[in-house]
Each structure stands twice: as C-alpha cells, then as structure tokens.
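What follows is a set of notes on a single structure, which appears directly below.
A quick note: this is a predicted structure, and the numbers were derived from the prediction, not measured.
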Amino acid sequence: MVAKSRGYSDRVQLGCLLHDASESYISDLTRPVKCNLPEYLAIEERLQKVIYDRFGLGDLSDDERKQIEEVDDTLLYYEFAALMDFPLFDSPPYKAMEHNFSQLDFTGVEKEFLKIFNVITHNRTGFICVGIDGCKGGWVVVVIRETDFKVNIIKSIDEVFNRYNEYDSVIVDMPIGLPESKAEDRPDGKVRARLKGKASSIFNTPCRQAVNANSYEEANQINRKILDKGLSKQSYAICRKIQEIDEFLSNNPQHKNQLVESHPELCFAVLNLGEPLYDNKHTDVGLSKRVHVLGHYYEQAQDVIKHAQNNEELKNCLDDVVDALCLAIIGMLGLKNGFKTIPENPKMDRQGILMQMVYAETSQT
C-alpha cells in the first residue's frame, strides 16, 4: 500500500508484498539478531530468490530493490514511532500515506493480503479459473480467463493438471477430504440446511475405506460399520471419481487444498442472491435459468454454452458444462471478493485435506 501511494510500479508493489515471504517457511528474526547469523541469511537469500523467481521478480533491478528497501525502512520507522514511541533514524522517512497500526485478526490480514496480491498479479497476467465436473467420459473442464475460455472433456484428473498446471483457482464438484471415522465432520449436512427444497442434491460422502471397496455391497457394509450409516447407490456411483481425486492428491501433495470442493447447487444459490434454483437442470427451463444467472457475473456465459452445443462430445453433457462453468465463475469471484467455506473453520481429514465446500462473495466487502 505504501509502494502504491508512492506511485511505484506493480512489480515493486508485488516485491513489497512478497519481500518477507521466506519468513513463512523459516520464521522471522529481528534485524540485529539476523545480522549475526550468516547461515540464516544465506538460507533466507536462497529461499527468497526462489519465491521471487516463481512470481516473475527474479530480474528486479537495483533501483527496484532499493525502492522495496526504502518502503521496508519507512514502515519500520513509523511502526517504532507509533508502537514504541522511539525514533529509529535521525530524520523521519518520506511519508506518502497515513499508516494504520491497529491490530487485525489473522483471517482478516490473510484476506487483505490475498486480495491485494490478486489485484496486482491479475493486472500483469490475468486470471485462470478452472471448474471441473465429473461426466461419463471423464471430467468436464471449463477454464475461464480475462480474454477467452476453453471447454473440454478430459479423461483423468492427472491429465487435467498436466494441461492446466498454472491456475489461480480450481474447484471440482466431487467430495474432497474423506472421513475415516464417525468423529470426522464433513460439510454435507450444513450445506443441505442452506438448500431447502434442493437438499436431496447433496449426497452423503462415503468414508475413505468404502471408497476403496470393490463392490456396492462391500462399500455399504463398510460405510455402515465406520460411519454408522448406509451408502446410497447414488453415492456409490461416484466412488471411482472420488477415489481418483483422493489418489491424485496423495501422489501430488502440492495440489492439496489448492484443488478444492464445492457444489453447483450451493454456488447457484449464492449467485442467485441466496435463493436455490428449483427447476431441474436437465430441463430446458432449468438450464436456461442457470445460464441466465451466470450471465450476470460472466459476460461470455452464453458463448460457453453455445460452444458446447456445437460440439458433438460436449452437447450430450450440457448440464455438466453449466455446472463446471458455475464453479469456474465462483473461482473468479472468490479471487476478486474473497472465498468463504462451509463450515467456516473446516477440519482436516487424516490425509491433511480440508473437509469443506467453498463459495465466494458476490461483491466486494
């Protein structure tokens, strides 16, 4: 914010935002102590270089680095003046804005950080938001960007991420984060409570042990034993898809809690100002109403559907295309306005995956 108030470039603003990013891995040390730990300084320098390289700042000029250091020193001076009533330097640095040193909770700080990060990076590179829904041929994948969109049926989740490894958000309509005991709480019931009249669209998520069973009878028996509830045939029908994602995340931990779960009916209710869409999505009326709602948030929504209708493979799963598009749009709105989760403070399963469904604010708050 200080860099922006001084009129510095987006690169310098991003450099300021990430200038202490190494500390998220190696913790923070005050300057007087840090100067006496050469090994720490070497580790910090290597790690900071990796982070800067990752976000396109590996070629910062000397002038840009000097601007970042000046902003850092400015904040250090005014923090000490405000909080400790002590002047660090003989003369105060240039003050381009009034500083606010009041305390904020971690969640508020994180949300503000991510919002600024997304604004800066999207000004440079745009956004890539991926929505994924299961279908008979594999996975319907809708990718929306500032300038275009892509719609494909891709056979496996591995192939999806091979093709779209760079993303800003990726949301799938499939359970992620699987219970292995009755004590582990999934969000399914809480989401049902928000979708009165559409609650039946939220299936009970099977336990991880049932997902890996070889038959419906075995899966039903295991689920009843572990979760104290039977497994519907609708839930069992998607077990292979659930298993595919679960194994993918186990083999590719870098995507854990980056690939996140939501449900289109929840998202449509959010986009429809809290009111679920009751018309069946398999009917012309239900499909039309959904596309109309999506058009309020994404101008090319109708173009996505027309593209699918003109494609021999996609036109047979239009409802899946609409659902995947909805999830991509939720990702776009989440980047702009912030994501929310059900439950608000989700727990992790035994594989370190959050048991949650995400959605987005529809306007900036």
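The aromatic rings of F248 and H255 sit parallel, their planes meeting at an angle under 30°, below the 60° perpendicular limit. Using cut-offs of 30° and 60° on the angle between ring planes, the pair F117 and F113 is parallel.
A cation-pi arrangement, defined by a distance under 6.0 Å to the six-membered ring centre and an angle within 45 degrees of its axis, is absent between R6 and Y94. Stacking of K233 on the aromatic ring of Y216 is recorded, both the 6.0 Å distance cut-off and the 45° axial limit being met.
Within 6.0 Å of atom CG in D284, 12 or fewer heavy atoms from other residues, nucleotides or ligands are found, so the atom counts as exposed in its surroundings. In D85, the CG atom is not crowded: 12 or fewer heavy atoms of neighbouring residues, nucleotides or ligands sit closer than 6.0 Å. Surrounding NZ of K150 are at most 12 heavy atoms belonging to other residues, nucleotides or ligands under 6.0 Å away.
For the pair L318 and I305, the tightest heavy-atom approach, listed with the atom from each and the gap, is CD2-O, 4.2 Å.
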Contacts table for residues 49-57: side-chain donor-acceptor under 3.5 angstrom, sequence neighbours left out:
{"unit_1": "K49", "atom_1": "NZ", "unit_2": "D53", "atom_2": "OD2", "d": "2.9"}
{"unit_1": "Y52", "atom_1": "OH", "unit_2": "G15", "atom_2": "O", "d": "3.0"}

Report all side-chain donor-acceptor pairs from residues 134-141 shorter than 3.5 Å, counting only partners two or more places apart or in another chain.
{"unit_1": "W139", "atom_1": "NE1", "unit_2": "E244", "atom_2": "OE1", "d": "3.3"}
{"unit_1": "W139", "atom_1": "NE1", "unit_2": "E244", "atom_2": "OE2", "d": "3.3"}

Donor-acceptor contacts, no H, no angles, side chain residues 35-43, under 3.5 Å, sequence neighbours left out:
{"unit_1": "N36", "atom_1": "ND2", "unit_2": "P32", "atom_2": "O", "d": "2.9"}
{"unit_1": "Y40", "atom_1": "OH", "unit_2": "S27", "atom_2": "O", "d": "2.9"}

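Between S201 and H263, the closest side-chain pair of non-hydrogen atoms falls below 4.5 Å. Between M332 and I144, the closest side-chain pair of non-hydrogen atoms falls below 4.5 Å. When side chains are defined from C-beta on, I342 counts as touching Y359, because their heavy atoms get closer than 4.5 Å.
For N252 (side chain) and Q254 (main-chain N/O), no donor-acceptor pair under 3.5 Å exists by modelled atom type. In terms of modelled atom types and a separation under 3.5 Å, the side chain of R240 and the main chain of V211 share a donor-acceptor contact. The backbone N or O of C16 sits nowhere less than 3.5 Å from a side-chain atom of D72 that would complete a donor-acceptor pair. Within the 3.5 Å criterion, the main-chain N or O of Y78 finds no donor-acceptor partner in the side chain of K95.
Remark: F89 pairs with D73, Y77, P93 by the side-chain contact (heavy atoms from CB on, under 4.5 Å) rule, at least two apart or across chains. Applying the side-chain contact (heavy atoms from CB on, under 4.5 Å) test to Q221 and every residue at least two apart in sequence or in another chain returns nothing. Listed by chain and number, the residues in a salt bridge (Lys or Arg N to Asp or Glu O under 4.0 Å) with D59 are R11 (sequence neighbours excluded).
In the model, S235 has no side-chain atom that pairs as donor or acceptor with a side-chain atom of N204 under 3.5 Å.
Ion pair K347/D185 not flagged as a salt bridge, since none of the NZ, NE, NH1 or NH2 atoms sits closer than 4.0 Å to an Asp/Glu carboxylate oxygen.
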